[in-house]
Amino acid sequence: VNTSVDLLISAAIATPVTGDSLSILITGVPTGSHLSAGTNQGSGTWLLTPDQLHDLQLISTSTANGNYTLHVQATGTDLAGNTRVVTDDI
């Protein structure tokens with residue numbers, strides 16, 4: 001039996017200009033679970049775009065029991081290569 005949990009994550013560049021990019025890396029996804037969007041990078045790590053955060057869910061099988069902490073890292077990069085990283089745990 002699969003169960004799902006809504007993940008309320010948002011990320012945005014405050015004043016975006018052409019050439020800016022934003023990626024979201026989520027780590028700590030437990031074995032037997034997956035996200036409803038994004039690209040599985042292996043070892044419980046998923047890469048997402050800001051658009052993929054809308055209605056994002058953690059979907060777990062009956063073998064994935066317990067409480068988990070997911071680590072979220074948003075990385076914004078401007079055209080000049082300047083990078084800002086923000087992290088949080090959920």
Side-chain angles (χ1 to χ4, degrees):
V1 174
N2 288 345
T3 58
S4 61
V5 175
D6 293 334
L7 301 178
L8 304 176
I9 301 170
S10 63
I13 294 176
T15 311
V17 295
T18 302
D20 290 349
S21 66
L22 180 62
S23 63
I24 298 90
L25 192 68
I26 299 176
T27 60
V29 176
T31 301
S33 301
H34 64 277
L35 298 181
S36 60
T39 303
N40 185 351
Q41 304 291 298
S43 300
T45 300
W46 289 72
L47 183 63
L48 299 98
T49 65
D51 290 341
Q52 293 173 315
L53 296 176
H54 182 70
D55 293 329
L56 184 65
Q57 293 183 322
L58 173 68
I59 302 167
S60 297
T61 64
S62 59
T63 60
N65 296 318
N67 295 320
Y68 306 101
T69 299
L70 301 180
H71 310 285
V72 181
Q73 175 179 303
T75 303
T77 305
D78 66 18
L79 192 57
N82 299 308
T83 300
R84 171 131 191 235
V85 177
V86 177
T87 61
D88 201 358
D89 291 340
I90 58 171

Nearest 0.5 Å, please: how far is CG in Asp51 from CG in Leu22? 10.0 Å
Hey, quick one: are Val72 and Ile13 part of the same hydrophobic cluster, counting side-chain heavy atoms closer than 4.5 Å, chains of contacts allowed? yes
Quick one: pull up OG1 in Thr77 and CG in Asp20 and give me the separation to the nearest 0.5 Å. 8.5 Å
CG of Leu25 to CG of Leu48, rounded to nearest 0.5 Å, is 8.5 Å
Looking only at non-hydrogen atoms, find the nearest pair between Asp6 and Gln57 and report the distance. OD1-NE2, 2.9 Å
Taking every heavy atom of Val85 against every heavy atom of Thr87, the minimum-distance pair comes out as CG1-CG2, 4.1 Å
If every non-hydrogen atom of Ala11 is compared with every non-hydrogen atom of Pro50, which pair is closest and at what distance? O-CB, 4.0 Å
Under a single-linkage definition using a 4.5 Å side-chain heavy-atom cutoff for Ile, Leu, Val, Met, Phe, Trp and Tyr, are Val5 and Ile59 assigned to the same hydrophobic cluster? no
Could you tell me the separation between the CZ atom of Arg84 and the OG1 atom of Thr75, rounded to the nearest 0.5 Å? 11.0 Å
For Asp55, which residues count as a side-chain hydrogen bond (donor to acceptor under 3.5 Å, both in side chains) partner, sequence neighbours excluded? none
Testing the basics here: between His34 and Trp46, what is the closest heavy-atom pair and its distance to 0.1 Å? CB-CZ2, 3.5 Å
From CG (Leu70) to CG (Leu58), nearest 0.5 Å: 6.0 Å
Once you round to the nearest 0.5 Å, how far does CG of Leu35 lie from CG of Leu53? 10.0 Å
Can you get from Leu56 to Ile90 by hopping between Ile, Leu, Val, Met, Phe, Trp and Tyr side chains that sit under 4.5 Å apart? yes
